[in-house]
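Below is one structure, written out as structure tokens, with a few remarks after it.
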Amino acid sequence: MVADPSGRETHRGKFPRASRLLRTAEFDATFAQRLSAGDGVLVIHAKPSGLEHPRLGLVVSRKVGNAVRRNRWKRLLRAAFRLNQHKLPAMDLVCVPRQRDEPTLLEVANSLTRLADKLRQKSERRAVPPASGSGEAVPPPQTGC
RNA sequence: GGAGAGGACCGGGCGACCGCUGGUUGGCGCUUCAUCGCGUCGACGGGAGGAAAGUCCGGGCGGCACAGGGCAGGGUGGUGGGUAACUCCCACCGGCCGCGAGGCCAGGGCAAGUGCAACAGAAAGCAAACCGCCGAUGGGAACGACGGUAGCGGCUCCGCCGCCAAGGCGUUCCACAGGUAAGGGUGAAACGGUGCGGUAAGAGCGCACCAGCGGGCGGGGCGACUCGCUCGGCUAGGUAAACCCCACCCGACGCAAGGCCAAACAGGGGGCAUGAGUCGGCCCGACUCGCUAUCGACCCCCGGGUAGGCUGCUCGAGGCGGCGGGCAACCGCCGCCCUAGAGGAAUGGUCGCCGCCACGCUGGCAACAGCGCGGCACAAAACCCGGCUUACAGGUCCUCUCCGGCU
RNA sequence: UGGGGAUUGGUGUAAUCGGUAGCACGACGGAUUCUGAUUCCGUUAGUCGGGGUUCAAGUCCCUGAUCCCCAG
């Protein structure tokens, strides 16, 4: 099993609607500030969610396959997110499948946790060096000219 | 037993743990006078298909438009039924294919008009005539008999001899006019087929039979149509899924339709004298009435309306069973049942056992048995129905046809 | 959800009213050249699939496939 069988200390794998990206505005905000990471299975675009927990967004285009295949991908992504959400950083994660073939749950879960970990490191590197602390898209106040 | 035709149906099963979602229901929190509502944690029992698909037709439903009718545009096309409706379904008619069970196709009109037919061919649509056949009739040429006649000339002038027509007739030749469409060849297609007569040669020119067309009469059928008899003229080609004519049907748009609530920002009107009223479609303006208070902002109210939310949203031309009518499609009556309602979009994830299929290994003469490994289709509601079309691993059942074997 | 368009050799594209599917580049072979390039000659290979109408279909009709675009 991927998730530890006794992982019911905080959340035992629930997946409420609050853990999902549902609106176009939320997707647009993520893409505007995104950090990206990808491997052979997935591409993830992410930004800090500003909440206590991560949130999942799904983008599965028609190029992946027909409706049955797209639904299969989305269900696997939700399952992988649900079973591993206690290990994920508190970010909005927009997941995009990269291949047509249907993967196994293990592949998706491994890819998701590994990429989320990389995104957490990237996010921390971006937040720390300027030390301005505002964290938004404030341009650095150095005098360029 | 083999080969095939038509139709109906199923399209994995059981279980464990963890999730999602609509319903009912319980606890807690927020809110409220309260209900309601929101959040959260439980319980119970629901939760994709035969095609849910493609979106090719038809309807319901919705607001909008609309007197009637016509034009334009689009669709349909054997007949009779079914249906809310259809390009669908059923039955029958006709044509083609198949030994057969059966399958496929489609209206009428190119004997209203316009158009098209490459190449080949003499000629492609109304008749003409390339090779050919004939040349009867007309024309030309040669020969023959009439006839060595008429006529002319000579002489020995009864007469005889020499030269020698015209004309029509007959035979042969020419193929000029003309006749012909049988044969040749081209083509997808060339103005019926076979035989006999007929002719100069031929031809429906005549006749017999056959094919086809039209009319009449009679039988059958609601009808498409069909059967029989008879008469006629002997034929009037193909293509309308070419333009078109004829008959019938269609208002266009679509649940992101439509309805309700409604934040923030901006803006409109008012509270507030730059007011109210009249003229006027509106602004400006004019007139009448009212009023004499510094201006502006904050603030408050009203309506439109965006984000967003709710609704439309699932009880329906509904399903199952029985009886009755009908060849059938289908219809009527009675009884029972409620069976998905999502919205960045749920209906799932993982595992175990069973089932089916293929492969490998072992045992066995074989049927088969055991083990291992892999696979189990197509395709997912998006307002709802009726059809059509297309995709589909594997499997079940029914009816029928042909061939072979045995009894 | 609704609407529109496209599909022709390996690639990009023509084909009037239905009548021999052309052109360019490419590939291959040959000639010219000492060799290569250029040039010349020749070859290769095609109407998205399946049915239908027609004597004949890239074209007309039906049905499917793939791709692109537009509106809300």
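Order of the sequence lines sets the chain letters (A, B, ...), proteins ahead of strands, with each chain counted from 1.
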Taking the same atom, C1', in C327(B) and in C92(B), what whole-Å distance lies between them? 11 Å
Using a 90° cut-off around 0 for syn, call U339(B) syn or anti. syn
Kindly point out which of G344(B), G349(B), A379(B) is positioned nearest to the side chain of Leu105(A)? G349(B)
Could you tell me the Watson-Crick or G-U partner of U39(C), where both distances fall under 3.5 Å? Say none if there is no partner. A31(C)
Same-atom distance (C1') from U21(B) to A340(B), integer angstrom: 10 Å
Rounded to whole Å, the CZ-P distance (Arg70(A) to A382(B)) equals 13 Å
Taking syn as within 90° of 0 and anti otherwise, name the glycosidic form of A48(B). syn
Phosphate oxygens OP1/OP2 of C20(B): is one of them under 4.0 Å from a side-chain N or O of Arg20(A)? no
When rounded to whole Å, the CG to C1' distance for the pair Asn84(A) and C18(B) reads 13 Å
Can you tell me if Arg75(A) touches the phosphate of A346(B), counting only side-chain N or O atoms and a distance under 4.0 Å to OP1 or OP2? no
Tightest non-hydrogen contact, residues Arg98(A) and Asp39(A), listed as NH1-O, 3.0 Å
Now, which nucleotide makes the Watson-Crick or G-U wobble pair with C272(B), with each of the two distances under 3.5 Å? none
Please state the C1' separation for the pair A31(C) and G18(C) - nearest whole angstrom. 43 Å
Its glycosidic angle compared against 90° from 0, C17(C) adopts the form syn
Syn or anti for G50(B)? Use the chi torsion, O4'-C1'-N9-C4 for purines and O4'-C1'-N1-C2 for pyrimidines, with syn inside 90° of 0. syn
Specify the closest pair of heavy atoms between Ser36(A) and Lys122(A), including all atoms of both residues, with the distance to one decimal. O-NZ, 2.7 Å
To the nearest Å, give me how far apart NZ (Lys74(A)) and P (G349(B)) are. 14 Å
If I take atom NZ from residue Lys87(A) and atom CG from residue Leu112(A), how far apart are they, to the nearest 0.5 angstrom? 9.5 Å
For Ala80(A) versus Leu105(A), what's the shortest heavy-atom pair and its separation? N-CD1, 3.8 Å
Classify the nucleic acid contact of Val60(A) as base, sugar-phosphate or nothing, counting any heavy atom under 4.0 Å across all strands shown. nothing
Expressed as a whole number of angstroms, how long is the span from Leu77(A):CG to C20(B):P? 17 Å
Length of the CZ-P vector between Phe15(A) and U21(B), whole Å: 9 Å
Can you tell me how far the CZ atom of Arg20(A) sits from the CZ atom of Arg78(A), to the nearest 0.5 Å? 5.5 Å
Distance in angstrom units between Leu22(A) CG and A346(B) P, rounded: 12 Å
Find the partner of G363(B): check Watson-Crick (N1-N3 plus N6-O4 or O6-N4) and G-U wobble (N1-O2, O6-N3) distances, both under 3.5 Å, and reply none if neither fits. C368(B)
Rounded to the nearest angstrom, tell me the gap between atom CZ in Phe31(A) and atom P in G344(B). 15 Å
From C-beta outward on Asn71(A), which listed nucleotide comes closest to its side chain: G349(B), G19(B), A48(B)? A48(B)
Could you tell me which nucleotide pairs with G12(B) by Watson-Crick or G-U wobble geometry, both distances under 3.5 Å, or answer none if nothing does? C354(B)
C1' atoms of G178(B) and G202(B), separation to the nearest Å: 15 Å
Rounded distance in Å between the P positions of G193(B) and G216(B): 29 Å
Syn or anti for G204(B) (syn when the glycosidic angle lies within 90° of 0): syn
From Leu22(A) atom CG to Phe27(A) atom CZ, the distance as rounded to the nearest 0.5 Å: 7.5 Å
In Watson-Crick or G-U wobble terms, with both distances under 3.5 Å, the base opposite C157(B) is none
Re U149(B): Watson-Crick or G-U wobble partner, both distances kept under 3.5 Å, found to be none
Decide, yes or no, whether a salt bridge links Arg114(A) with Asp117(A) under the criterion of side-chain N to carboxylate O below 4.0 Å. no
Searching all strands shown, indicate the nucleotide that pairs with A65(C) (Watson-Crick or G-U wobble; both distances under 3.5 Å). U7(C)
Rounded to whole Å, the CG-P distance (Leu83(A) to G349(B)) equals 12 Å
Going from CG on Leu93(A) to CG on Leu77(A), what distance comes out if it is rounded to the nearest 0.5 angstrom? 11.0 Å
Could you work out the separation of A91(B) and G223(B) based on their C1' atoms and round it to a whole Å? 13 Å
Partner lookup for A208(B), please. Criteria are Watson-Crick or G-U wobble with both distances under 3.5 angstrom; report none if nothing qualifies. U194(B)
Relative to the 5' end of RNA chain B, which residue comes earlier, Leu76(A) or Val68(A), by the nucleotide with the nearest heavy atom? Leu76(A)
For the C1' atoms, the ones on G23(B) and on G344(B), what distance do you get once it is rounded to whole angstrom? 25 Å
Using OP1 and OP2 only, check whether a side-chain N or O of Arg78(A) sits under 4.0 Å from A346(B). yes
Spacing of the C1' atoms in A257(B) and U1(C) (rounded, Å): 11 Å
